[in-house]
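For reference, the structure is listed below as structure tokens.
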Amino acid sequence: MSIKGKVALVTGASSGIGAATALKLAEAGAKVALAARRADKLESLKNEITAKGGEALAIGMDVVDPASVDAGVKTLIDAYGSIDILVNNAGLMPLSDIDQFKVDEWHRMVDVNVKGLLNTTAAVLPQMIKQHSGHVFNMSSIAGRKVFKGLSVYCATKHAVTAFSDGLRMEVGPKHNIRVTCIQPGAVATELYDHITDPGYRQQMDDLAGQMTFLQGADIGETIVFAAQAPAHVDVAELFVLPVEQGW
Ligand SMILES: NC(=O)c1ccc[n+]([C@@H]2O[C@H](COP(=O)([O-])OP(=O)(O)OC[C@H]3O[C@@H](n4cnc5c(N)ncnc54)[C@H](OP(=O)(O)O)[C@@H]3O)[C@@H](O)[C@H]2O)c1
């Protein structure tokens, strides 16, 4: 199924997987709304897409704030009239051991990775239900399938995303003709690790990057385009995408 002319909203589009996915969707012919907080990054990505002949809209959005999400979704519907693809991608991963009690970081992960995803889903679904069509991509992780030491809260948030995706698929597929895909990447080279405040875990991630060739954001973007282009009766419900050298 071609996605030419379809309208996509990508959260966390200012860097990493979100930015690369927006580019891939635009290359495949979709009109892409780029949502995140860093307006300068969104503007330059928008310019890159339009310079290549694509169509894009930059939308300042904080997924934690329902009013910001609702306003962004309204801007998008006013501009393009529909929403066919939602990529719920915004997220963060400040790793630390539980006994360091970085409770603010735990709350931030729950707020962005879980509540932010729910806020965006709640704002977009009514439009998809009205259209009786749509495709929601939820960015989980290998950490949404397994638990790793130092990632307890992050794993909890990504397991929540995996569980929510499966339930959402069961509810909105048969009833509203909306497809749901849960993406579970392994290690991807992005800004995600820059936000780790614990020096030990920060170093561990740098060491890991020296031990294997990480995925690029574009690798995930391509799998999203693949699932979005599947025939209308097919829901690619899960995509578990890893570096070949990631042996865990
Ligand atoms: N990199 C990996 O190895 C990996 C593996 C598995 C899963 N993932 C998941 O992939 C997703 C994207 O991460 P990434 O690796 O591409 O990291 P990244 O480069 O740090 O991108 C994170 C994105 O989330 C956005 N974001 C953060 N807080 C936000 C908020 N409150 N409102 C709106 N946007 C917000 C950031 O934009 P602003 O700061 O401009 O708002 C940024 O665009 C995350 O959900 C992450 O958990 C990553």
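Remember, it's 1-based here, ligands and their atoms both numbered in the order they're listed. Note that the structure is a prediction, hence the values are computed from the model and not measured.
- The ligand atoms of ligand 1 that sit less than 4.0 angstrom from a heavy atom of G16 are 16 (O), 19 (O).
- Under a cut-off of 6.0 angstrom, the local environment of NE2 in H107 is sparse, with at most 12 non-hydrogen atoms contributed by other residues, nucleotides or ligands.
- Heavy atoms of G217 stay at 4.0 angstrom or farther from ligand 1.
- Close approach to R108 involves these atoms of ligand 1, each under 4.0 Å from a residue heavy atom: 31 (N).
- The aromatic rings of W106 and F101 lie tilted to each other, with the angle between the two planes from 30° to 60°.
- Atom 22 (C) of ligand 1 has its nearest heavy-atom neighbour, among G91, S141, G12, in G91.
- Shortest contact from atom 47 (O) of ligand 1 to any protein heavy atom: Y154 OH, 2.6 Å.
- The distance from ligand 1 to the heavy atoms of S15 drops below 4.0 Å at these ligand atoms: 18 (P), 19 (O), 21 (O), 42 (C), 43 (O).
- A cation-pi arrangement is absent between R202 and Y193 under the rule of less than 6.0 angstrom and at most 45 degrees off the ring axis.
- When all heavy atoms of L125 and I178 are compared, the pair lying nearest together is CD2-CD1, 3.8 Å.
- Distances shorter than 4.0 angstrom do not occur between any heavy atom of A19 and any atom of ligand 1.
- What sits closest to atom 31 (N) of ligand 1 on the protein, heavy atoms only, is D62 OD1, 2.8 Å.
- Selection from P243, S14, S140 by nearest heavy atom to atom 7 (C) of ligand 1 gives S140.
- Residue A189 places every heavy atom at 4.0 Å or more from ligand 1.
- For V63, a nitrogen or oxygen atom sits less than 3.5 Å from a nitrogen or oxygen atom of ligand 1, counting backbone and side chain alike.
- When each of N88, N138, T181 is tested with S165 by the rule side-chain hydrogen bond (donor to acceptor under 3.5 Å, both in side chains), just one qualifies, namely N138.
- Heavy-atom distances between M61 and ligand 1 reach below 4.0 Å in at least one pair.
- Heavy atoms of T11 stay at 4.0 angstrom or farther from ligand 1.
- Counting protein heavy atoms only, atom 44 (C) of ligand 1 is closest to N89 O, 3.2 Å.
- The part of Y193 lying near ligand 1 is the side chain, judged by heavy-atom distances below 4.0 Å.
- The shell of residues lying under 4.0 angstrom from ligand 1, judged by heavy atoms, includes M139.
- Atom 4 (C) of ligand 1 has as its closest protein heavy atom L192 CD2, 3.8 Å.
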Could you go step by step and tell me if D84 and S133 meet the side-chain hydrogen bond (donor to acceptor under 3.5 Å, both in side chains) rule? CA-CA 7 Å; D84 304 299; S133 69; 4.6 Å; no
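- Remark: minimum distance from atom 5 (C) of ligand 1 to any protein heavy atom is reached at G186 O, 3.1 Å.
- L92 does not count as a contact of ligand 1, since none of its heavy atoms falls under 4.0 Å from the ligand.
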Expected list for residues 57-66: side-chain donor-acceptor pairs under 3.5 angstrom, two or more places apart:
{"from": "D62", "atom 1": "OD1", "to": "V64", "atom 2": "N", "distance (Å)": "3.0"}
{"from": "D65", "atom 1": "OD1", "to": "A67", "atom 2": "N", "distance (Å)": "3.0"}

CA sep, side-chain torsions, deciding dist, call: T190, F214, side-chain contact (heavy atoms from CB on, under 4.5 Å): CA-CA 9 Å; T190 68; F214 278 15; over 6 Å; no
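- Among protein heavy atoms, atom 27 (C) of ligand 1 sits closest to R37 NH2, 3.6 Å.
- Residue contacts with ligand 1: G18 is placed with no nitrogen or oxygen under 3.5 Å of a nitrogen or oxygen of the ligand (distance criterion only).
- Atoms of ligand 1 found under 4.0 Å from any heavy atom of V112 (numbered from 1 in listed order, with element): 28 (N), 31 (N).
- What you find for A56 and L34 is that their closest heavy atoms are CB-CD1, 4.2 Å.
- When all heavy atoms of G91 and V112 are compared, the closest pair comes out as CA-CG1, 3.9 Å.
- Taking all atoms of both residues into account, the shortest heavy-atom contact from L117 to N113 is CB-O, 3.6 Å.
- Using a non-hydrogen distance threshold of 4.0 Å, Q184 does not register as a contact of ligand 1.
- Distances below 4.0 Å separate heavy atoms of A187 from the following atoms of ligand 1: 3 (O).
- Residue, atom and distance of the protein heavy atom nearest to atom 35 (C) of ligand 1 are A90 CB, 3.7 Å.
- Between I196 and L95, the shortest heavy-atom distance links the atoms CG2-O, 3.8 Å.
- Atom OG of S82 and atom CD of Q131 lie 5.0 Å apart (nearest 0.5 Å).
- Remark: minimum distance from atom 16 (O) of ligand 1 to any protein heavy atom is reached at I17 N, 2.8 Å.
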Between Y201 and K149, is a side-chain hydrogen bond (donor to acceptor under 3.5 Å, both in side chains) present by the stated rule, with each step listed? CA-CA 10 Å; Y201 282 111; K149 181 184 159 301; 2.9 Å; yes
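- Among all heavy-atom pairs drawn from S44 and K41, the shortest one is OG-O, 3.2 Å.
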